[in-house]
Amino acid sequence: MPFTQTQLVLRRYYALLYVAVFAMIALFWPHAEVGSSGARVFLVAATAGYAALYVAPLWILSSALGRLLRSFPGWRVRVPYGVAFVGGSAVLLAIFADYRLYELYQFHFNAFVWNLLTTPGGIEALGATEATTRSLALQVSVFPILCGAALALLYRRVTHGWAPSPRTLVAAVLVLFSVLSVEEVVYAYSEHVGKEDYLQAAEAIPFHLHTGARKVFKRMGIEQAAVKELRLAGGTVDYPGHDLPAKEIAKRPNLMMLVGESFRWDLLSPEITPNLWKLSQEGTRYEQHYSGGNRTRMGLFSMFYGLYAPYWYSFEQQRVAPALMNFLRDRGYQLAIHTSQSFDYPELRHTVFSGVPEANLQELKQGEPWRRDVRNIDDLIGKFDRRTADKPFYGFMFFESTHAPYTFPEETALRQDYLRQLDYMKLDLRDNIDAIHARYINAAHHVDAQIGRLLDHLRAQGELDNTVILFSGDHGEEFMEKGHWGHGHGNTFPEEQIRVPLVIRLPGQQPQVVTHRTSHLQISPTLLEYLGVTAPSRSYSSADTLDHTADNLVLGEYDYMGIFDGEHKISFPYTRSSFFRYSVFDAQDHPVAREEGKQVLAEKQSLLDAVVRESRRFVR
């Protein structure tokens, strides 16, 4: 086939590909919160420009390769077609994958997703079902099929229909790249002066470049109205994790810490979790308890260290263990640490359980999560029975059943109206959310049954009154109450994602119900004080014990921090991975008006400054 005819086919193909990419980016538009006509025009312009950015390089590359290979008749046809087929399929797949991600979780492919994909155990942590895998394979195959079919059809009809001339294509590319350049200048200006409407519109564009031009605008004399950069994560750790002074105790109690994945506060009830409810009647139930974050990483970090989210990065890199685990190891506790997920994702092997011998760590990553939970409880009970009697025992169990897709034995289902098959690729959250929530309740009921087996065993052995029992969730889970499903949604910390149950049974203490607000940050100081540590809790953590009210909750996820004072939630990025701006929400998690937000920020500036200082106290 003459080379000029190959060019003709590819011109038509890339024109069609551009239309397809534009249409796919437009799928994000309903998720863009834009209020002004200018921002809407900006969104359309950004879509047009970015569609060209994704397609034009493929056309330029295939054209250049075709010219370079003119002396090779076979290759000058195959290579440009191969670039068109593979490149077009890859672009469509990338945008489609980002769209599915954004539709479910309201964030694009980012550092968190990359961490998920590249960290051992990360993919497994998603909990994808076989149905999801089948649907994913089917949907992924659609794009190569469509690209191949388009090329084949255009090849057969090469002499029919209109095709853009090289001059038309070049002119179109120049116009679209000019549009893209203007859009990026507008974005950079909006970032500099804090034009929220345009920044929100840009959030809907997949793989946006987030161009900045701060120095240029400063030289032009344009005042920066946006808030200053704030990077808190990083630094050399200077943390008193060892040698905490403690009084001698004749017989130290055993300690069992039980944590449910995504286990929110309203699961604790006589109906859903009867064993935990009974435990709460024998111990202390904290009715307004909050995790230190809306992801597992920060939830467990706050629970074990009593420190704010920014410390995680330095502590993980430098393998710094928490004072609580160091104390238990120094006092000869026998360790049996179990998870039905992975110690690599999130990176518990490098943080919470850093330095713990591998022989004391058990991670079950294969099979249905509910079966892993059953086996882990079996093994934890076995290790407790085989312990050395004259040494105290520490057991940890992280339940996975309540992580999506929320698994349980069908015969134990408490709610019969549950969604039988959770296929992430076909989910209609609006129509299915109640049935998905029913799965979650059934999974929690199963977790409760496993905890009941452990508690019954301790009672039968006469060891319950010599054992501290703690149960909580690493974070909560949302079911579209605030517009999200799941947990970990960027700069928002909705109640449903951060409020969790906390039940602690301490030998020798009377049952009680605590109604003041408490935080995961207070757990480690409370346990250490009970175990005899006399050092002030603020000397090794950022919180007081659970006896005190947490007037201001400090929350965190991978890039954002949040502060909740009971009336407002203020969030801001602390890794500088995105444009720095404060977001202000009311107690019901609704964004407040801009002017009200400015007033709240002015009133809470001293609190913000205190949180920033505390986030740097244990690093240099």
Side-chain angles (χ1 to χ4, degrees), residues 251-261 263 267-268 273-283 300 303 324-325 328-329 331-343 348 352-353 356-403 407-409 411-412 443-474 501 503-507 527 531:
K251 184 178 182 182
R252 296 192 182 277
N254 303 314
L255 173 58
M256 291 280 189
M257 294 180 68
L258 313 173
V259 181
E261 167 70 62
F263 212 98
L267 292 173
L268 181 60
T273 50
N275 293 295
L276 282 170
W277 185 258
K278 180 180 178 182
L279 181 70
S280 75
Q281 307 305 297
E282 300 172 351
L300 291 180
M303 178 186 292
L324 174 61
M325 291 307 301
L328 296 175
R329 293 169 64 193
R331 295 311 186 275
Y333 272 77
Q334 302 165 83
L335 308 179
I337 299 170
H338 292 241
T339 180
S340 296
Q341 195 184 73
S342 168
F343 289 119
L348 302 181
V352 172
F353 303 122
V356 173
E358 286 295 318
N360 300 120
L361 300 175
Q362 175 168 306
E363 53 188 353
L364 301 181
K365 298 183 288 186
Q366 302 298 320
E368 292 180 274
W370 71 263
R371 295 184 188 275
R372 297 181 232 160
D373 288 344
V374 171
R375 180 182 160 189
N376 263 321
I377 288 298
D378 287 341
D379 293 346
L380 184 58
I381 289 172
K383 291 176 183 177
F384 183 82
D385 288 346
R386 295 190 298 272
R387 74 192 186 284
T388 302
D390 60 348
K391 290 184 178 180
F393 182 89
Y394 172 78
F396 174 84
M397 174 59 198
F398 189 64
F399 295 92
E400 179 72 0
S401 296
T402 40
H403 189 288
T407 63
F408 51 90
E411 64 273 13
T412 67
H445 188 63
H446 169 68
V447 168
D448 179 77
Q450 303 316 304
I451 293 172
R453 291 202 299 126
L454 176 62
L455 295 176
D456 288 345
H457 187 81
L458 292 175
R459 284 192 183 95
Q461 297 294 317
E463 291 290 343
L464 192 60
D465 289 333
N466 186 43
T467 304
V468 175
I469 306 289
L470 179 148
F471 176 82
S472 190
D474 57 343
V503 177
I504 302 179
R505 188 183 190 278
L506 298 174
L527 293 176
L531 295 174

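If you read the sequence from its start, that first residue is 1, and numbering goes on from there.
Scanning both residues, Thr402 and Ala443, for their nearest heavy atoms gives CG2-C, 3.8 Å. Between Arg372 and Ser340, the shortest heavy-atom distance links the atoms NH1-O, 2.6 Å. Closest approach of Pro507 and Asp465 over heavy atoms only: CB-O, 3.2 Å. Residues Phe471 and Gly260 come closest through the heavy atom pair CE1-N, 3.8 Å. Listed here is the closest heavy atom pair of Pro253 and Leu531: CG-CD2, 3.8 Å. Contact detail for Leu464 and Arg505: the closest heavy-atom pair is O-NH1, 3.2 Å.
Just one residue in the list Leu470, Ile451, Val503 forms a side chain to side chain contact (heavy atoms under 4.5 Å, CB included) with Leu258, and that residue is Ile451. Pro501 pairs with exactly one of Leu268, Leu267, Leu276 by the side chain to side chain contact (heavy atoms under 4.5 Å, CB included) rule, that one being Leu268.
For Asn376 (side chain) and Phe399 (main-chain N/O), no donor-acceptor pair under 3.5 Å exists by modelled atom type. Gln341 places no side-chain N or O within donor-acceptor distance of the main-chain N or O of Phe398, the cut-off being under 3.5 Å. Side-chain N or O atoms of Asn254 include one that pairs as donor or acceptor with a backbone N or O of Phe393 at under 3.5 Å. For Thr407 (side chain) and Trp370 (main-chain N/O), a donor-acceptor pair under 3.5 Å exists by modelled atom type. Under a 3.5 Å cut-off, the side chain of Glu261 and the backbone N or O of His403 do not form any donor-acceptor pair.
The closest side-chain heavy-atom distance from Thr273 to Phe263 is below 4.5 Å. The shortest distance between side-chain heavy atoms of Gln450 and Met397 does not fall below 4.5 Å. At least one side-chain heavy atom of Val374 sits under 4.5 Å from a side-chain heavy atom of His446. Using a 4.5 Å heavy-atom cutoff, the side chains of Leu335 and Phe396 are not in contact. Contact annotation: the side chain of Asp474 never approaches that of Met303 to less than 4.5 Å [non-hydrogen atoms, C-beta and beyond]. Looking at Lys251 and Pro392, their side chains never come closer than 4.5 Å, going by heavy atoms from C-beta outward. Side-chain contact between Thr467 and Gln461 is absent, with no heavy atoms from C-beta onward closer than 4.5 Å. Two residues are said to be in side-chain contact when any heavy atoms from C-beta on lie closer than 4.5 Å; Glu463 and Arg387 meet this criterion.
Taken from NE2 in His457 to CG in Leu454, the straight-line distance is 8.0 Å, to the nearest 0.5 Å. How far CG of Leu364 is from CZ of Arg375: 4.5 Å, rounded to the nearest 0.5 Å. A distance of 9.0 Å separates CG in Asn360 from NE2 in His338, rounded to the nearest 0.5 Å. Atoms CD1 and CD, on Ile337 and Gln362 in that order, are 11.5 Å from each other to the nearest 0.5 Å. Of the inter-residue distances, the one linking Glu400 atom CD with Ser342 atom OG reads 10.0 Å to the nearest 0.5 angstrom. Separating the CG atom in Leu255 from the CG atom in Asn466 is a distance of 11.5 Å, to the nearest 0.5 Å.
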Next item on the list: Please lay out, stage by stage, how Leu348 and Leu361 fare under the test side-chain contact (heavy atoms from CB on, under 4.5 Å).
Entry: CA-CA 11 Å; Leu348 302 181; Leu361 300 175; over 6 Å; no
Pair Met256-Leu380, side-chain contact (heavy atoms from CB on, under 4.5 Å): steps then yes or no | CA-CA 10 Å; Met256 291 280 189; Leu380 184 58; 4.2 Å; yes
Exercise for review: Go through Glu282 and Leu455 one step at a time and tell me if the side-chain contact (heavy atoms from CB on, under 4.5 Å) criterion holds.
Suggested key: CA-CA 12 Å; Glu282 300 172 351; Leu455 295 176; over 6 Å; no
Checklist entry - Could you walk me through whether Asp448 and Trp277 pass the side-chain contact (heavy atoms from CB on, under 4.5 Å) check? => result CA-CA 9 Å; Asp448 179 77; Trp277 185 258; over 6 Å; no
Does Arg459 form a salt bridge (charged side-chain N to carboxylate O under 4.0 Å, His left out) with Asp456? I'd like the steps, not just the answer. CA-CA 5 Å; Arg459 284 192 183 95; Asp456 288 345; 3.5 Å; yes
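In this structure, Arg331 is not positioned above the aromatic face of Tyr333 in the sense of NZ or CZ being under 6.0 Å from the six-membered ring centre and within 45° of the axis.
In the displayed structure, Lys278 atom NZ is contacted under 6.0 Å by at most 12 heavy atoms of other residues, nucleotides or ligands.
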